[in-house]
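Beneath this line is the structure, given in structure tokens, with notes to follow.
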Amino acid sequence: QVQPVESGGGLVQAGGSLRLSCTASGRTFSSSSMGWFRQAPGKEREFVAVVSRSGAVSVYADSVKGRFTISRDSRKNTVYLQMNSLKPEDTAVYFCARAASEDDYYSKASYDYWGQGTQVTVAS
């Protein structure tokens with residue numbers, strides 16, 4: 001399993017919560033930072049959050065800071081994105097990706113293995 005697999009997307013009302021999960025092989029997962037990106041229709045894929053290999057350091061896009069939490073569980077080869085206080089503008093396909101480089105964490109070019117995405121729709 002070299003491609004991450006996302007799950008947990010769905011439809012939620014504004015103000016609600018969802019938790020996304022992303023699972024990859026241990027070899028793919030364990031040595032790398034893992035990130036979440038999202039892409040709304042007609043828009044570019046944008047950085048959401050990243051968590052370091054150890055799980056000790058997380059960085060968030062300003063648009064989600066204080067509402068989203070990224071975490072990882074090495075025992076399960078899984079990274080999570082807990083999304084609270086969801087807004088309609090959070091509606092997008094959310095992608096999990098493995099960082100190929102620790103530089104430019106905010107750039108999608110820094111990630112090599114991508115999941116197929118999971119749809120998150122926030123209704124107003």
Side-chain angles (χ1 to χ4, degrees):
Q1 186 187 357
V2 297
Q3 183 181 33
V5 178
E6 304 96 336
S7 63
L11 174 66
V12 65
Q13 297 294 316
S17 298
L18 285 173
R19 188 180 74 163
L20 306 184
S21 299
C22 169
T23 301
S25 71
R27 189 172 185 177
T28 300
F29 181 90
S30 63
S31 64
S32 302
S33 297
M34 298 291 294
W36 287 95
F37 286 72
R38 66 186 183 186
Q39 187 167 22
K43 298 183 179 179
E44 66 178 316
R45 193 170 298 185
E46 66 175 357
F47 169 77
V48 175
V50 64
V51 62
S52 65
R53 184 177 70 86
S54 70
V57 179
S58 301
V59 180
Y60 300 90
D62 288 342
S63 59
V64 307
K65 194 173 299 181
R67 299 187 298 120
F68 291 10
T69 302
I70 189 170
S71 61
R72 65 192 298 161
D73 185 340
S74 62
R75 295 176 296 276
K76 297 181 179 180
N77 296 331
T78 300
V79 61
Y80 303 96
L81 186 68
Q82 178 66 47
M83 305 184 293
N84 298 325
S85 301
L86 283 162
K87 304 175 180 179
E89 52 262 45
D90 295 319
T91 295
V93 177
Y94 283 70
F95 298 89
C96 175
R98 189 192 78 162
S101 171
E102 298 298 328
D103 298 327
D104 299 325
Y105 60 88
Y106 50 87
S107 173
K108 59 183 181 291
S110 297
Y111 298 78
D112 52 4
Y113 294 113
W114 292 80
Q116 293 185 344
T118 185
Q119 177 71 47
V120 172
T121 303
V122 183
S124 62

Could you pull out the closest heavy-atom pair between Asn84 and Ser17, with the gap in Å? OD1-OG, 2.8 Å
Heavy atoms only: give me the nearest Trp36-Leu20 pair and the separation to one decimal. CH2-CB, 3.6 Å
For a side-chain contact (heavy atoms from CB on, under 4.5 Å) check, start with the C-alpha distance between Val64 and Met83, then their side-chain angles and the critical distance, and finish with the verdict. CA-CA 8 Å; Val64 307; Met83 305 184 293; over 6 Å; no
For the student: nearest non-hydrogen atoms of Ser58 and Val51, plus distance: OG-CG2, 3.7 Å
So CD of Gln82 and CD1 of Ile70: to nearest 0.5 Å the spacing works out to 12.0 Å
On a heavy-atom basis, which atom in Gln39 and which in Lys43 lie closest, and how many Å separate them? NE2-O, 3.1 Å
Of Phe68, Tyr105, Tyr106, the residue whose pairing with Phe47 passes ring pair (Phe, Tyr, Trp, His ring centres under 6.0 Å): Tyr105
Flag the pair Asp62 and Lys65 as a salt bridge only when some basic side-chain nitrogen lies within less than 4.0 angstrom of an acidic carboxylate oxygen. yes
Is a side-chain donor or acceptor of Glu6 paired with a backbone partner of Cys96 at a separation under 3.5 angstrom? yes
Hey, is the main chain of Ser85 close enough, under 3.5 Å, to the side chain of Arg67 for a donor-acceptor pair? yes
For Phe37 together with Tyr111, are the ring centres under 6.0 Å from each other? yes
Where is the tightest heavy-atom contact between Pro88 and Ala14, given as atom of each residue plus distance? CD-CB, 4.2 Å
Less than 3.5 Å apart, any donor N or O on the side chain of Thr78 or Thr23 sitting next to an acceptor on the other? yes
N/O donor-acceptor pair under 3.5 Å between Ser110 side chain and Asp103 backbone: yes
same_hphob_cluster(Phe95, Val120) at 4.5 Å side-chain heavy-atom cutoff: no
On a heavy-atom basis, which atom in Leu81 and which in Tyr94 lie closest, and how many Å separate them? CD2-CD2, 4.0 Å
State the OG-CE distance between Ser71 and Met34, to the nearest 0.5 angstrom. 12.0 Å
Could you tell me whether Arg45 atom CZ has more than 12 heavy atoms of other residues or ligands within 6.0 Å of it? yes
Report the distance from atom CD of Gln116 to atom CD of Gln3, rounding to the nearest 0.5 Å. 5.0 Å
To the closest 0.5 Å, what do you measure between CZ (Arg72) and OG (Ser33)? 6.5 Å
Measure the spacing between OG1 of Thr91 and CD of Gln119 and express it to the nearest 0.5 Å. 7.0 Å
In terms of hydrophobic clustering (I, L, V, M, F, W, Y; side-chain heavy atoms under 4.5 Å; direct or indirect links), are Val48 and Trp114 co-clustered? no
